[in-house]
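Right, one structure below, let's go through it.
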There are 2 protein chains.
Amino acid sequence: MAAERALAMATCTAPVNIAVIKYWGKRDTDLILPINSSLSVTLHQDQLKTTTTAAASRDFTEDRLWLNGKEVDVGHPRVQACLREVRRLARKRRGGSEDTAALSLSYKIHIASENNFPTAAGLASSAAGYACLVSALARLYGVEEELSEVARQGSGSACRSMFGGFVQWQRGERPDGTDSLALQVAPETHWPELRVLVLVVSGEKKPMGSTVGMQTSVETSPLLKHRAEVVVPERLAQMMRHIRERDFEGFGQLAMRDSNQFHATCLDTFPPIFYLTDLSRHIIALAHRYNAHHGHTKVAYTFDAGPNAVIFALADTVAEFVEVVRRSFPPATNGDQFVRGLPVGSAALSEELVAAVVTEPVPGAVQYILHTKPGPGPQLVDDPSQHLLGADGLPRSRA
Amino acid sequence: MAAERALAMATCTAPVNIAVIKYWGKRDTDLILPINSSLSVTLHQDQLKTTTTAAASRDFTEDRLWLNGKEVDVGHPRVQACLREVRRLARKRRGGSEDTAALSLSYKIHIASENNFPTAAGLASSAAGYACLVSALARLYGVEEELSEVARQGSGSACRSMFGGFVQWQRGERPDGTDSLALQVAPETHWPELRVLVLVVSGEKKPMGSTVGMQTSVETSPLLKHRAEVVVPERLAQMMRHIRERDFEGFGQLAMRDSNQFHATCLDTFPPIFYLTDLSRHIIALAHRYNAHHGHTKVAYTFDAGPNAVIFALADTVAEFVEVVRRSFPPATNGDQFVRGLPVGSAALSEELVAAVVTEPVPGAVQYILHTKPGPGPQLVDDPSQHLLGADGLPRSRA
């Protein structure tokens, strides 16, 4: 079908995910095989998504790639790995013989990818990016196999963005990585009350990249080794139980502990790696004061290899906690855009709550809050008007 | 002898120590028995010391205690434990029968203690304080037994201040703590080139106390357990070898790694404990840039449960590194008092060094640098004019 046309094109979207049992460290850096399993929550694409269009044509003279409208080097080994693996699956599916009705695997391709959120916000975009690339390529070539193993070879955590809801990336045992896959633990509909607040912080420089950082940790941190071998297997089983039971107390406590332990292993790395800042400490202390005031776990923080904080809460807590954040980090200029994403109701804070929790306001430290929730995995975009590439195979000028 | 007089009095001084294999966590909170052995360097009393006078008299009507000229509650359990233990040793020495020539153990006592450094500087003063208390009491009662076990019951790390130079506090195995003692690894004369720079930082609030903090860590941090059981025994043996061989590269690297690992276990505690701040991160990064510029370990940082940084270096590095610190944290007002303690020569920095190392100056962040070196254990003060208590048993008015 596709091959009949001069130009074949497919567009997909894919989500960001936030790990609650963290991935840090590879046992194989080429295949991207992790030293421990991890578990994440897929965030809703209404708030955070990547869109990717992949096109193939006999008329294209070279492979080309555009990210957020800007052409970049398509020769990146991780991009090439994804391309190679999807083509390999397509070839396998066709049984080795070139199916004349199918798109030729020898055609050059053009790829365009865009995020619906500012890259500068430091929200993990590589997971969504590679999940989306693999999804679009698979659709282009008509591949329907398990694709998380391919996405993993683009960016480890990208494999978890291949599913919605709650997703485990199982470590696997085989040296070839064929059992290092993502599996859905529960769909996004499983826990309807769960909400996610991303606290986008201001003016931090880009910290050390995770690829370099995690390998230094593997080589130098005795605590990381113990974490991967002993602590994570226990925690993974616990976390799956908390999710199955929709136990926010257990889920939140363990998410906080695991975030802290990940950053502890960064500090145990030599030279040490710091992703948490004085502002992160403020947010962590705020969450603990808030929970202490309420006498149970109402909010849970988690931090990845960057400065933003991600907060889990149940829907009935969001309005109050957002107001606590607003009082704790009074917006500098954009008061009306301080809360973005899903609507947030208004909440009046009791004097006791303010006195107990809002102890040391830091004006302007949080740029804005993005309110979102668990969401589905990659989606096919059927509407041809949504393709990021035009009929000429080049990026459409964006409105 | 003492009992013939109406008033018996003894004065001692005792040093601060800085751990290079850290103590964090008790297996017995009453006896202060640690979960792992530790190793420290005793600092010279010319720069940092506590002086304590203990007096006993049949005329005293109650036990009294003055710290830095201010009377405080003598009933503190840790103070009482030291008093009880020294008296027990005195009684044992006298074979149970009351020796009429010896000071009566039933007399009330007065104790006065002073530091020669500002308490506000956040320099660990409890180790020096309890080591000094025990030394003065022992002298007063004529006890000459092993006293580190007694000092340990005042403040764990105080046992290490009972010796000069390089000191191990061995964990011990017995439930009664009689084998949880300090042992000198090498005297202060062993490594004459070793120097210590204390970077006293500005304006930090008092962080969580170590007594509460470490017990929370014992209860909640899986990484601390692994550190105590597996990592520290190996590191202790390594560190003793580095000290014996005066191997600064090995000593410095391991001191930095162990400081980082201690803070990692604080972060793995729930709720997490933070002693390192953005300024600590600056100092850590500065030390790594400095070492990287020179291609080997010229300076080594270590941080305890407070904001100050302690830097180890060899004597020939001090002038240059002090200048690097001065350029990195330009003194706000006290430029002439920025360096205190042992004299520091002047050093001109090469342009390459400045470009590579002094990357982001933070004016005023370091209040001053105290230059010191390893020193001896507790000392008896022979000169009666140095007693902190007068003939009336009350604190002398300080000049």
Side-chain angles (χ1 to χ4, degrees), chain A residues 204-205 207-208 216-217 220-235 252-292 297 300-301 303 307 359-360, chain B residues 204-205 207-208 216-217 220-235 252-292 297 300-301 303 307 359-360:
Chain A
E204 273 291 321
K205 288 178 308 178
M208 174 183 274
T216 311
S217 295
T220 64
S221 169
L223 299 185
L224 178 60
K225 188 171 148 62
H226 180 70
R227 164 177 165 73
E229 290 174 1
V230 177
V231 181
V232 167
E234 289 172 21
R235 288 189 169 179
Q253 286 245 351
L254 190 51
M256 290 188 277
R257 284 177 198 258
D258 206 68
S259 172
N260 294 336
Q261 185 168 93
F262 152 51
H263 292 282
T265 65
C266 289
L267 183 44
D268 189 48
T269 299
F270 194 78
I273 303 167
F274 295 87
Y275 293 115
L276 299 180
T277 66
D278 284 355
L279 176 55
S280 316
R281 287 201 292 158
H282 263 93
I283 293 169
I284 288 170
L286 177 69
H288 284 288
R289 285 196 304 269
Y290 183 76
N291 289 338
T297 301
Y301 54 79
F303 292 82
T359 55
E360 346 163 53
Chain B
E204 273 291 322
K205 289 178 308 181
M208 173 181 276
T216 312
S217 295
T220 64
S221 169
L223 299 186
L224 177 60
K225 189 170 148 61
H226 179 71
R227 163 177 166 73
E229 290 174 1
V230 177
V231 181
V232 168
E234 289 172 18
R235 287 188 169 179
Q253 287 244 351
L254 190 51
M256 291 187 278
R257 285 176 198 259
D258 206 68
S259 172
N260 293 337
Q261 186 169 92
F262 151 53
H263 292 282
T265 65
C266 290
L267 183 45
D268 189 48
T269 299
F270 193 77
I273 303 167
F274 294 88
Y275 294 114
L276 299 181
T277 66
D278 284 357
L279 176 55
S280 316
R281 287 202 293 159
H282 263 93
I283 293 169
I284 288 170
L286 177 69
H288 284 288
R289 286 196 303 269
Y290 184 77
N291 289 339
T297 302
Y301 54 80
F303 293 81
T359 54
E360 344 163 54

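Each chain gets a letter, A, B and so on, in the order its sequence line appears, and its residues count up from 1.
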Which bit of Thr220(B) is near chain A, if near means a heavy-atom gap under 4.5 Å: side chain, backbone, both or neither?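 It is both, since atoms from each part get that close.
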At a 4.5 Å cut-off on heavy atoms, which part of Ile284(B) comes close to chain A: side chain, backbone, both, or neither?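 Side chain only.
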Chain A contacts, top residue of Val230(B), Asn291(B), Leu276(B) (heavy-atom pairs, under 4.5 Å):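 Most heavy-atom pairs within the cutoff with chain A belong to Leu276(B).
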Please name the pair of heavy atoms, one in Leu267(A) and one in Ala264(B), separated by the smallest distance, quoted to 0.1 Å.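 Scanning both residues completely, I find the closest heavy atoms to be CD2-N, 3.7 Å.
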What's the shortest heavy-atom distance between His226(B) and Pro222(A), and which atoms?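 So the two residues come closest at NE2-O, 4.1 Å.
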Taking Gln261(B) as the fixed residue, which of Asp268(A), Thr269(A), Thr265(A) is the one that meets the side-chain contact (heavy atoms from CB on, under 4.5 Å) rule?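 Single side-chain contact (heavy atoms from CB on, under 4.5 Å) partner of Gln261(B) among Asp268(A), Thr269(A), Thr265(A): Asp268(A).
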Side chains of Pro272(A) and His288(B) in contact at under 4.5 Å (non-hydrogen atoms):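 Yes, at least one pair of side-chain atoms sits under 4.5 Å.
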Close side-chain approach of Arg281(A) and Asp278(B), heavy atoms under 4.5 Å: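 Of all side-chain heavy-atom pairs linking Asp278(B) with Arg281(A), none is under 4.5 Å.
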Rounded to the nearest 0.5 Å, how far apart are CG of Asn260(A) and SG of Cys266(B)?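 The distance works out to 11.5 Å.
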